[in-house]
Structure formats: structure tokens, C-alpha cells
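Notes for the one structure printed next.
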Amino acid sequence: MARPVPYSIFLTDLARWVQANLKAKIKSPALLAAEPWAPFALVAGWDDQRIHVLDRSKSEIVRSLSLPPRIRKGTDFRRFTFSADGLNVAGYNPNDASFAAWSLASGELIHSSDGVGRFQAAMAFMPGGRLALCDGPRIHTFLLGGELLYTTPVSDDLRSLLMFSPPTTKPTLCCVAVFRKGLGGHHLHTFVVEHGEITQRREGPYRARPEDADDNKTLALGELVNIPGSTERILVVTEEERLDRRARVEEWEWDDEYKTRLLAVDPRRGMFYPTEIELKGRHCLQIDGTELLVIDERGFKRRLTGVPLRIENADWRLTG
């Protein structure tokens, strides 16, 4: 949910509140990141050299985050991940492929490191004050405010990655990955990382290359969410397929076609459940109390249950 998808109902409503209520204090305020369960949200203004911390219970800005020295403005950070208690946050700056992490209680910068910028960054807080980061062929695990603990080689064919750390005393990463396969195909995998070593690696679905050689297909993973009310045994992952199809009208133009797939993962065994759901267009997941909702680009919502995964209407506008 920390990714800025414009069709998330929670993020859209909070962004509108920020724009309406903080414009006297911040020039052109914008919401950078928030989670429904987290006490704080992140806000920045246009060309602002700071990231502001919004206390949602007080509806006011309570502090600013200390940026790494070479960062010019807060909006350079485009992707964020909150810790399980919502008191720490990690961010990624795609302009120079750099990571940072902060304490939201104090505003202190508690981590800063460089990535390689191969793909959209994956970040995960782990038990024991650890932080896992990846935007290339290796996963790096750090102590917050401390040294590098592990470097875990994955593959040069890695194209997208999501990481989830179960709420246990053992620092473990449950990962879902997309690998480039052959001439344009992709293969999904799951694996578990323990003490910097990959264990329980399993193959998942294969996505064939486009039928037309002029087309280009890319796969990206969006969210990895624990189903509300379940144990850590069931995770749901969103997989977004983008097909760039060239269509001749008056000249060559890009015609993008999207599909979203929903898959269930058993993180303990590092494997996919056998069923998946495919939807046309772009979608995101949103936890609403005890329910897991699937939101489309128009803001219409469906309810997701399982396993096996099942989807049903949760919006009266979709009936009939």
C-alpha cells in the first residue's frame, strides 16, 4: 500500500485531506506514503528540501526527517516501506538509486546506502532491528544504524522482487520474484532467505513471451499482503503484466495493455498455491478492517478471500 497508486481509496482520501488542510504550512503539499494502520504519514511540498511527518491522530505535522546530505528535495524519494509497528520507514530514491531509513518518532536518519537501480526497489523491515534492501541481483541485509550483515546473491535475471518478513522472533524473508526467461518470457519463483542464505526455492508460473515479435512484455510485482485474520501462512501477491503493442494509425504509437494477476503464496514452504485470478487492467490491494479489497483504476472495489482465492463484489456499483 505504500506505493503511490492513484486508485487506492485510502491514499486518495488522505491525499485530498493533505492538499486541503496543509497548504497554509507547506507549498503545494503532496502525500508521499501512508499505511491505514500506521500512526504517521509522509508529506512533502513542491521543491521542498524536507519530508514532513504527519501525525494522523493529531492531524498535524509533528517533525521533519533528516535527509541524506546529497539529496536535493524530499520528493526525490518515490517508494516507501513502513515497519510493522509503523514507527520506522525506509525510502528509495530512483534518481540516484539510493536507500534511506528513518525513525518517525525522532526524525533521525538511521540508514543510508547506495543501490544499483536495476528495477523498482524492494525493502523489508525484519525482527531484531534489521532492514533488507534490493534493487538488483543481490539482497543486502543491514542492522538499523549499523553494519551490513549479509549479501545474498540472487540472479542477474532478476526483474522484480517483493519481500515479506513474518512477525516472528526469527529474522526471515519470504520472497516472490520475477526472472527473465529466454527471449522475452518470464518465470515467477518464491524463496526464503535465512541468515543471508536462500532456502526452499520453488518455481511458480511461467509467462510466455509475446506472440508478435514487435511487442514487448514486462512483468512487475506490486504488493505482497498478509490476508487479514490469517496467520503468516497465506500471502497474496499482485502481478502486473504490461504489453507494449505497436499499432499503426498515422504513425507508430505505443498501445499499452495491462493485466493484473492475484496469486497466493505459502511463505513457510516458499511455494505458490495452485490457483490464481486474472483481471483486465490495473489493480491494487487494500486492507479494510478484516477484509482484503481489490481496487481497480476507477475506484471500484471487490472482496478477496481464500485460499483458494475467490473474488466477489463489494461495491453496489458493480452489481446488475
Side-chain angles (χ1 to χ4, degrees), residues 1-9 79 119-122 154-155 157-164 174-182 184-191 201-212 215-228 230 233-245 255-267 269-288 291-315 318:
M1 178 60 70
R3 68 192 180 110
V5 286
Y7 39 99
S8 161
I9 297 172
R79 185 172 178 86
F119 51 79
Q120 183 170 262
V154 183
S155 172
D157 293 327
L158 183 62
R159 292 296 183 268
S160 187
L161 178 71
L162 292 176
M163 302 184 292
F164 174 83
C174 304
C175 302
V176 180
V178 173
F179 295 95
R180 186 77 167 184
K181 187 77 171 180
H186 295 83
H187 210 161
L188 275 69
H189 285 226
T190 65
F191 56 88
R201 186 163 184 162
R202 305 287 183 90
E203 293 186 354
Y206 172 72
R207 310 303 184 197
R209 64 181 182 178
E211 295 181 1
D212 192 319
D215 294 343
N216 181 49
K217 181 188 292 185
T218 57
L219 262 64
L221 302 175
E223 294 123 331
L224 187 60
V225 178
N226 201 186
I227 294 182
S230 74
R233 295 179 181 178
I234 303 174
L235 300 174
V236 176
V237 61
T238 58
E239 169 204 341
E240 185 174 276
E241 177 185 297
R242 176 185 176 185
L243 181 64
D244 298 335
R245 176 178 290 127
D255 180 21
D256 295 343
E257 179 182 302
Y258 287 92
K259 294 180 182 178
T260 300
R261 297 185 184 92
L262 307 173
L263 304 97
V265 177
D266 181 341
R269 294 185 291 169
M271 62 178 294
F272 290 96
Y273 285 94
T275 59
E276 63 181 55
I277 295 174
E278 183 174 292
L279 303 169
K280 291 183 179 180
R282 310 182 75 179
H283 298 71
C284 70
L285 297 177
Q286 178 170 309
I287 295 176
D288 184 13
E291 295 184 335
L292 182 58
L293 301 180
V294 182
I295 314 294
D296 69 13
E297 295 170 277
R298 301 165 296 172
F300 294 166
K301 55 189 178 181
R302 296 175 174 86
R303 186 179 297 107
L304 187 68
T305 61
V307 171
L309 294 181
R310 295 182 298 274
I311 195 166
E312 57 188 37
N313 288 345
D315 193 324
L318 295 174

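For reference, positions follow the sequence shown, starting with 1.
Shown here for Val176 and Leu221, the closest heavy-atom pair between the two residues is O-CD1, 3.2 Å.
Shown here are the side chain to side chain donor-acceptor pair (under 3.5 Å) partners of Arg207, two or more places apart in sequence or in another chain: Glu239, Glu276. Listed by chain and residue number, Glu291, Glu312 satisfy the side chain to side chain donor-acceptor pair (under 3.5 Å) test with Arg303 (two or more places apart in sequence, or in another chain).
Residue Gln120 holds its CD atom at 11.0 Å from CG of Leu161, rounded to the nearest 0.5 Å.
Distance alone, capped at 3.5 Å, places no donor-acceptor pair between the Ser160 side chain and the Ala220 backbone. Within the 3.5 Å criterion, the main-chain N or O of Cys284 finds no donor-acceptor partner in the side chain of Thr238. With Asp266 contributing its side chain and Phe272 its backbone, the two residues share no donor-acceptor pair below 3.5 Å. Using a distance-only test at 3.5 Å, with no hydrogens or angles considered, no donor-acceptor pair links the side chain of His283 to the main chain of Glu297.
For the pair Phe164/Val265, no side-chain contact is recorded, criterion being any heavy-atom separation below 4.5 Å from C-beta on. Between Thr260 and Val294 there is no side-chain heavy-atom pair separated by less than 4.5 Å. Between Val225 and Leu235 there is no side-chain heavy-atom pair separated by less than 4.5 Å.
Ion pair Asp157/Lys181 not flagged as a salt bridge, since none of the NZ, NE, NH1 or NH2 atoms sits closer than 4.0 Å to an Asp/Glu carboxylate oxygen.
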